[in-house]
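Below is one structure; the comments refer to it alone.
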Amino acid sequence: MLKPTDTRNPDHYHRVVDCQWGCPAHTNVPEYIRLIANGQYTESYLLNRKSNIFPGILGRTCDRPCEPVCRRVRLDGEPVAICRLKRVASDLRDDITGFLPTIPEEKNGKRIACIGAGCASLTVANDLLPLGYEVTIFEKLAKPGGLMWTNIPEFRLPAKVLWEEIDYILDMGVDLRLNSPIDSLAALLEEDYDAVFIGSGAPKGKELNLPGRWDSEQIHIGIEWLESVRFGHIDKCGDRVLVIGVGNTAMDCCRTAQRLGASDVKVMARKTKPYFKASPWELEDAIEEQVEILENHSPSRFIIEDGKVVAMEFDLVTWTPGENGRLKAEVHGSKIIECDEVILAIGQDTAFPWIERDIGIDFNKWDMPIVDKTTFMTSVPGVFMGGDAAWGPENIIWGVEHGHQAAISIHAWCEGRPLTDRPPEGMNLISQKMGLHEWSYSNDYDEAQRVKMRHVDLQERFKRLDIEVEEGFDIEQTLTEVERCLNCDIQTHFEADLCIECDACIDICPLDCLTITPNGTEEEVTRRLTAPLLNYPEEPLFISEDLPQTGRIMVKDEDLCIHCGLCAERCPTAAWDMRKSDLLVPYAGLAAGELHPGMSIMDLALNGGAAEGELAGAGAGAEPTGAGAG
C-alpha cells in the first residue's frame, strides 16, 4: 500500500517547484518573478540576493540549471526566461546599500582567511561578516572577482555591474589583500586564523601537447589569453584565428578575437553539436556574429614557419559507439587550415603547487584535495574548500552555494559544534484565496512564446570590447515573459477529510493529473491513473490519506499539474486549496527563515523571513511547517 505524502516535509513541495529545486542555491524563482510583475524590482533583487549574492552578474552569465527543468518546457518546449528576468530586477532596482546586513562593530574574536577573491570566497565573507567575524581575502591578482573578472568579457558582463556587486561585500569590512598570492599553505596555517577557506578556482588551462606546440608564441591558453585581454596586455590579434574547443570559454575567445581585429575566426570541434559543452545561447550568439564552427576536426599538429604558427592540421573523423559506451573515432583523412593565431580552450584544471603534500591534506588520484561534500572540510581540521577549487570547473551559482555551505561549517567549527549537524530547511504554507473564485496570483495560462532578447546591431558591437551585446528586456517584453511563469510554488494543497468524492476536480482538470482510486502497490496505482506517467519518479506523485467516504485515495501527478487552480475553484468543500509553499533556507548563524539585523525590507520582498511567517500565521490557511514553524 502506498503511504500518504507528508506535505509538511519541505522537500515535497520544494521538488514540485522545479526551477528552485534545480537551482544549486535554491533561489525562490516564482516569487521574484511575481515581484517583477508587480513592478517591485528592488524587492525582487533583494529576494534574489539572499540566496544568490550576485543577481546582476548571474542575470547575464548564469549557466541556468533552473531553465531546462522549468515546467513550461513540458508544455511548449521553451522555459521561462528566468535568468534574463533576474537581470530585469537588477537593472531597474533602486539603491540597496541601506538594506544590506548591519555589520557589528564589536567582533566575535574569530579570524577567517580566504584564498582567492572569486565567487565562493566572496560568499563566505558575505555570510560571516554580519556574524562578527574578521575575514581576510588573499588574491594573487590586482583586482578581485576571480574568473568573473578575468574570463568573462565586458561585452557579456559590464565592469560596472561586476564591481558594484563585489563592492557590496567588500564594503562590509573585508580585509582584501590584492597582489598577495599564497605560496605556502603551511605558512598560512601558522598564522593566527581560526579557519581557512580555499576558493582559488581552476586557474590552469588544459594543454594540447602536439607537434609544434612550443615552437610559436602565437599559440595561447584560452583563460590566460582572456586574462591578458582583460588587463590590457593584449589589444589585438591576428586576422585568421583558430579556437580549439567548443565550451563557453571557447565562445568567449572567438567573440573576443573578432573585437580585437580578427576577420576569419573558426571554432574547431572534435565532435558534433550534440556533444558541444557550450551553453546553447552562447553558441547562438557566436553563430550570430558569423563565427564558423567546424565539426569532426581533431587536431593533429601545429605547422610552424620561422617561429610563427601558419596553419594547423586536423584529422577528419567520425564517431561510433565503442566499449563502455565511450565514442570511438575513425579517421577518414586530414585537412590543413591556415591561421595566424591559435587559442586553446579545451578545459580547465585546478592547480595546488602551494599546498605542501606533508601537512595532512589528502589528495586523490587526480591530484585534487579530498573534500567532504557535506561539510566542505578537507582532511585537515579547520581547512575548508569550495567553488571550482573543490571539484573542478562549475558555474558561478555553484560557487555561491559552496560558499554558503562552507560558511555554515566554518561558523559551526568556530563554535565547537559538529559540522555534520546541518541546520534544517523549513517551509511556510500560506493560502492564496482572496474570494470564492479569486486568488492572489495570476492563474490564467498564457500561451505566449518565450520573448527574444534584444541585441546591439552587429555593426555597432564590434567597435569596442565593452559594448554589452544583450540590451535586456524592455517593459513590454518583461510583462509578456513574467506571465509565462506557471507559479509552481502555488501548490494545489489537499485535505482528505474535507473531500466528498464528487469528482468535480477530476472533471475540470485540463491536464488529467488527478485520480481517485483504491490504494495498492505502486505498480497497481500508477497503472490506474487518469493520464499515463511521463517523468516518474523524477517528478513525484502526491498520495492522499484515505478518503472518508470510500477509503480510496486521491492521487495527483505533480509532473502534469500547471497550478491553474481550477480544482480549488470547483471544489465545493475547499478540500483543494491553492497555497504558496515558501522554502525557508538556513545560512550561517541563521535558522531557516531568520534575517540579519538591518534587513527589514526583505519583509516587503516576501522572502519567507520571520516577519512574513508571523503575518502569515495570523491569517486563515497559514500553515508554517518544518524548521520555519513556530
Side-chain angles (χ1 to χ4, degrees), residues 1-8 12-13 15-18 30 34 71-72 74-76 429-447 483 485-520 522 524-536 539-581 619-623 625:
M1 305 288 280
L2 293 180
K3 295 181 178 180
T5 300
D6 181 10
T7 56
R8 293 181 65 86
H12 178 75
Y13 283 147
R15 284 184 65 190
V16 174
V17 189
D18 296 289
R34 283 192 295 272
R71 190 175 301 268
R72 190 82 192 203
R74 306 199 284 274
L75 293 175
D76 60 21
L429 199 58
I430 308 166
S431 178
Q432 302 301 290
K433 200 170 189 65
M434 301 286 287
L436 189 61
H437 300 295
E438 185 178 3
W439 309 103
S440 65
Y441 73 105
S442 175
N443 65 324
D444 290 335
Y445 175 71
D446 194 315
E447 296 184 350
E483 286 299 324
C485 177
L486 298 174
N487 299 285
C488 294
D489 63 330
I490 311 295
Q491 309 289 351
T492 47
H493 185 77
F494 185 71
E495 297 286 352
D497 59 341
L498 297 178
C499 180
I500 59 174
E501 301 181 49
C502 65
D503 286 357
C505 57
I506 294 173
D507 292 340
I508 201 170
C509 178
L511 276 298
D512 295 328
C513 67
L514 301 176
T515 305
I516 297 179
T517 181
N519 206 338
E522 182 178 64
E524 291 169 343
V525 171
T526 55
R527 192 169 60 243
R528 294 195 292 262
L529 297 182
T530 308
L533 288 174
L534 299 177
N535 295 300
Y536 181 77
E539 296 289 337
L541 292 176
F542 165 78
I543 308 295
S544 78
E545 297 175 339
D546 292 347
L547 302 179
Q549 306 298 321
T550 65
R552 296 182 297 172
I553 57 173
M554 177 74 73
V555 181
K556 174 171 174 273
D557 185 353
E558 300 284 15
D559 178 45
L560 295 178
C561 180
I562 59 171
H563 302 254
C564 62
L566 291 177
C567 56
E569 289 186 22
R570 186 73 175 271
C571 181
T573 64
W576 287 107
D577 187 20
M578 304 307 293
R579 298 190 184 182
K580 180 171 69 174
S581 63
E623 185 182 342
T625 63

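Note that the structure is predicted; figures quoted are calculated from it, not measured.
- Among all heavy-atom pairs drawn from Thr492 and Trp576, the shortest one is O-CZ3, 3.3 Å.
- Here the OG atom belonging to Ser544 is positioned 10.5 Å from the CG atom belonging to Asp497, to the nearest 0.5 angstrom.
- Salt-bridge formation is detected for the pair Arg579/Asp577: a Lys NZ or Arg NE/NH1/NH2 atom is positioned less than 4.0 Å from an Asp or Glu carboxylate oxygen.
- Interatomic distance, Lys580 NZ to Ser440 OG, rounded to the nearest 0.5 Å: 7.0 Å.
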Where do Thr526 and Leu541 land on the side chain to side chain contact (heavy atoms under 4.5 Å, CB included) test, with the steps shown first? CA-CA 9 Å; Thr526 55; Leu541 292 176; 4.0 Å; yes

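- Pairing each heavy atom of Lys433 with each of Trp439, the nearest pair is CA-CE3, 3.5 Å.
- Between the Arg552 side chain and the Asp546 main chain, no donor and acceptor come within less than 3.5 Å of each other.
- With hydrogens and angles disregarded, a donor-acceptor distance shorter than 3.5 Å links the side chain of Thr515 to the backbone of Thr530.
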Run the salt bridge (charged side-chain N to carboxylate O under 4.0 Å, His left out) check on Glu522 and Arg527 step by step: do they pass? CA-CA 8 Å; Glu522 182 178 64; Arg527 192 169 60 243; over 6 Å; no

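- Remark: Ile490 CD1 to Ser581 OG distance equals 7.5 Å, nearest 0.5 Å.
- Nearest approach of His563 to Tyr441, heavy atoms of both residues: O-OH, 3.0 Å.
- Between Asp557 and Pro532, the shortest heavy-atom contact is OD2-O, 4.4 Å.
- Asn443 places no side-chain N or O within 3.5 Å of a backbone atom of Gly565 that could act as its donor or acceptor partner.
- The local environment of CD in Glu545 is sparse, with at most 12 non-hydrogen atoms from other residues, nucleotides or ligands closer than 6.0 Å.
- At distances below 3.5 Å, not a single donor-acceptor pair connects side-chain atoms of Asp559 with backbone N or O atoms of Glu539.
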Would Cys567 and Cys509 count as a side chain to side chain contact (heavy atoms under 4.5 Å, CB included) here? Give the steps. CA-CA 6 Å; Cys567 56; Cys509 178; 5.9 Å; no

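- Asp489 and Arg34 are joined by a salt bridge, as a carboxylate oxygen and a charged side-chain nitrogen come within less than 4.0 angstrom of each other.
- Here the CD-NE2 distance, from Gln491 to His12, works out to 7.0 Å after rounding to the nearest 0.5 Å.
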Could you walk me through whether Ser442 and Glu483 pass side chain to side chain contact (heavy atoms under 4.5 Å, CB included), step by step? CA-CA 8 Å; Ser442 175; Glu483 286 299 324; 3.0 Å; yes

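- Checked for salt-bridge contact, Arg72 and Asp18 miss the test: no charged N lies under 4.0 Å from a carboxylate O.
- Two residues are said to be in side-chain contact when any heavy atoms from C-beta on lie closer than 4.5 Å; Met554 and Cys505 meet this criterion.
- With rounding to the nearest 0.5 Å, the separation of CG in Leu511 from SG in Cys564 is 7.5 Å.
- For the residue pair Thr573 and Leu498, the shortest heavy atom distance occurs at OG1-O, 2.7 Å.
- No side-chain donor-acceptor contact under 3.5 Å links Thr5 to the backbone of Thr7.
- When every heavy atom of Ala504 is checked against every heavy atom of Arg570, the shortest pair comes out as CB-CG, 3.5 Å.
- In terms of modelled atom types and a separation under 3.5 Å, the side chain of Gln432 and the main chain of Ile430 share a donor-acceptor contact.
- A heavy-atom distance below 4.5 Å is not found between the side chains of Val16 and Phe542.
- Expressed to the nearest 0.5 Å, how far CZ of Phe494 lies from CG of Leu514 amounts to 9.0 Å.
- Contact of the Asn535 side chain with the Arg74 side chain is registered, since non-hydrogen atoms from C-beta on lie closer than 4.5 Å.
- Between Glu558 and Arg71 there is no salt bridge, since none of the side-chain N atoms of the basic residue sits less than 4.0 Å from a carboxylate O of the acidic one.
- Taking 4.5 Å as the limit, every side-chain heavy atom of Ile516 sits out of range of all side-chain heavy atoms of Ile553.
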